[in-house]
Amino acid sequence: LNDILDFSKVEAGKLTLDPRAFNLDQVLGDVDVILQSNVGGKPLVLRSEVEAEVPRCLLGDDMRLKQVLVNLGGNAIKFTNQGEVRLRVRLVERGALDVLLEFAVSDSGIGIAPEHQKHIFDGFSQAEASTTRRYGGTGLGLSISSRLVNLLGGALQLRSVEGQGSTFYFQIRLPLSELPGHPSTGPTTATTKTKPQRLQN
C-alpha cells in the first residue's frame, strides 16, 4: 500500500524532498538493520563498503535516500538465493561545498535478461510473469526507486547478466554539512561490514 501511495504521489508531482543535515554512517547502519531482517534463512552475506574519502556529514533528504537503498537492497535479497548482496558508496568528485557520490547495490542473484532490462523501471513491472509468480510483489519498488533518485538529482541505472546477478547504481550530488560530534570525513580506511547468515555449501 505504501508503495502504491508513493508511486501515486511521484506521478502526480506531489512528492517533495525534505533536506537536512545527516550522517551517512547512520543512514547505512539503519539500512543494514532493515536488510538483515529480510535475509531470513537464506545463505547470504550482506556487505556494506564505503570509501575512506567519502564525507560522512552531508545535507539532503536522508529518509528518501534510505528508502531507495532499502528498496534496492530488499529487491537484491529477494532475487538472490545464495551468495552476497553488497552496498557500496564511492566518491566520484569532491568540490569546495559538495560531493558527487555513487551508490551501488550488487547481488549474485538471478539477473535480468537483456530484453527485459529496458522495462525494469516501468510501474507495476517485473522482468517477466514467471518472476511475479515465483517471487511475488507489485513490481513497484524499482519504479519508485528510479523516480526518487530522479528527485534526488540522479538517474538509476542497471548492469545485469542473466544468471549472474545485477548491479543497480546511481550518482547524486550532496552538499557538505557539519554535525556536532561527527567528523566530516570517514576513517582512514574503507569501512566494510560483513555479516554471514548460515552459509552453506
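Keep in mind the model is a prediction, meaning the values are calculated, not measured. Computed from heavy atoms alone, side chains included, the values below leave out hydrogens, waters and symmetry copies.
In terms of heavy-atom proximity, Arg94 sits nearest to Pro55 at NH1-CG, 3.5 Å. Residues Leu158 and Ser166 share a closest heavy-atom pair of CD1-CB, 4.1 Å.
Residues Ile172 and Leu17 are members of one and the same hydrophobic cluster, defined by side-chain heavy-atom contacts under 4.5 angstrom among Ile, Leu, Val, Met, Phe, Trp and Tyr. Linking ILVMFWY side-chain heavy atoms closer than 4.5 Å, directly or via other members, places Val149 and Leu151 in a single hydrophobic cluster. The hydrophobic cluster containing Leu100 does not contain Tyr169, counting ILVMFWY residues as joined when their side-chain heavy atoms lie under 4.5 angstrom apart, directly or transitively. Taking hydrophobic clusters as Ile, Leu, Val, Met, Phe, Trp and Tyr residues chained together by side-chain heavy-atom distances below 4.5 Å, Phe170 shares a cluster with Val54. Criterion: ILVMFWY side-chain heavy atoms under 4.5 Å apart, direct or through other members. Under it, Val99 and Val89 are part of a common hydrophobic cluster.
Between the Gln171 side chain and the Val92 main chain, no donor and acceptor come within less than 3.5 Å of each other. Under the 3.5 Å distance criterion, the side-chain polar atoms of Glu178 are left unmatched by any main-chain donor or acceptor of Cys57. Counting only distance, with no hydrogens or angles, the side chain of Lys42 and the backbone of Lys78 share a donor-acceptor pair below 3.5 Å. Side-chain atoms of Ser160 come within 3.5 Å of backbone N or O of Gly165 as a donor-acceptor pair. Listed for the Ser146 side chain is no donor-acceptor partner under 3.5 Å among the backbone atoms of Ser143. With Thr167 contributing its side chain and Arg159 its backbone, the two residues share no donor-acceptor pair below 3.5 Å.
From Ile120, atom CD1 reaches atom CD1 of Ile112 across 4.0 Å, with rounding to the nearest 0.5 Å. A distance of 8.0 Å separates CD of Glu84 from OG of Ser106, quoted to the nearest 0.5 Å. Considering CG of Leu24 and CG of Leu65, their distance stands at 7.5 Å, rounded to 0.5 Å. Here CZ of Arg86 is found 10.5 Å from OG of Ser48. Values are rounded to the nearest 0.5 Å. Atom CG of Leu58 is separated from atom CG of Leu176 by 6.5 Å, given to the nearest 0.5 angstrom. Rounded to the nearest 0.5 Å, atoms CG (Leu97) and CG (Leu59) are 11.5 Å apart.
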message: Run the side chain to side chain contact (heavy atoms under 4.5 Å, CB included) test on Leu101 and Leu91 for me, step by step, so that the C-alpha distance in whole Å, both residues' side-chain angles and the decisive distance to 0.1 Å come before the verdict.
response: CA-CA 5 Å; Leu101 300 181; Leu91 179 66; 3.8 Å; yes

- request: With side chain to side chain contact (heavy atoms under 4.5 Å, CB included) as the test, would you mind laying out the steps for Asp32 and Gln36 before giving the verdict?
  value: CA-CA 6 Å; Asp32 183 68; Gln36 288 290 342; 3.7 Å; yes

query: Should Arg173 and Glu93 be marked as a side chain to side chain contact (heavy atoms under 4.5 Å, CB included) after you check the CA-CA gap, both sets of side-chain angles, and the distance that decides it?
result: CA-CA 9 Å; Arg173 192 172 295 277; Glu93 178 182 298; 3.1 Å; yes

message: Quick one, Asp107 with Asn75, criterion side chain to side chain contact (heavy atoms under 4.5 Å, CB included). Give me CA distance, side-chain angles, the key distance, then yes/no.
response: CA-CA 9 Å; Asp107 64 63; Asn75 205 61; over 6 Å; no

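With 3.5 Å as the limit, one finds a donor-acceptor pair spanning the side chains of Gln26 and Asp30.
Across Glu49, Glu53, Glu51, Glu102, a single residue satisfies side chain to side chain donor-acceptor pair (under 3.5 Å) together with Arg90, and that is Glu102. With Ser145 as the fixed residue, the side chain to side chain contact (heavy atoms under 4.5 Å, CB included) test singles out one of Asn150, Val105, Leu69, Leu72: Leu72. Applying side chain to side chain contact (heavy atoms under 4.5 Å, CB included) to Val39 and the options Thr80, Val85, Ile77 leaves one that passes, Ile77.
Proximity of Phe168 to Val68: side-chain heavy atoms (C-beta onward) are nowhere separated by under 4.5 Å.
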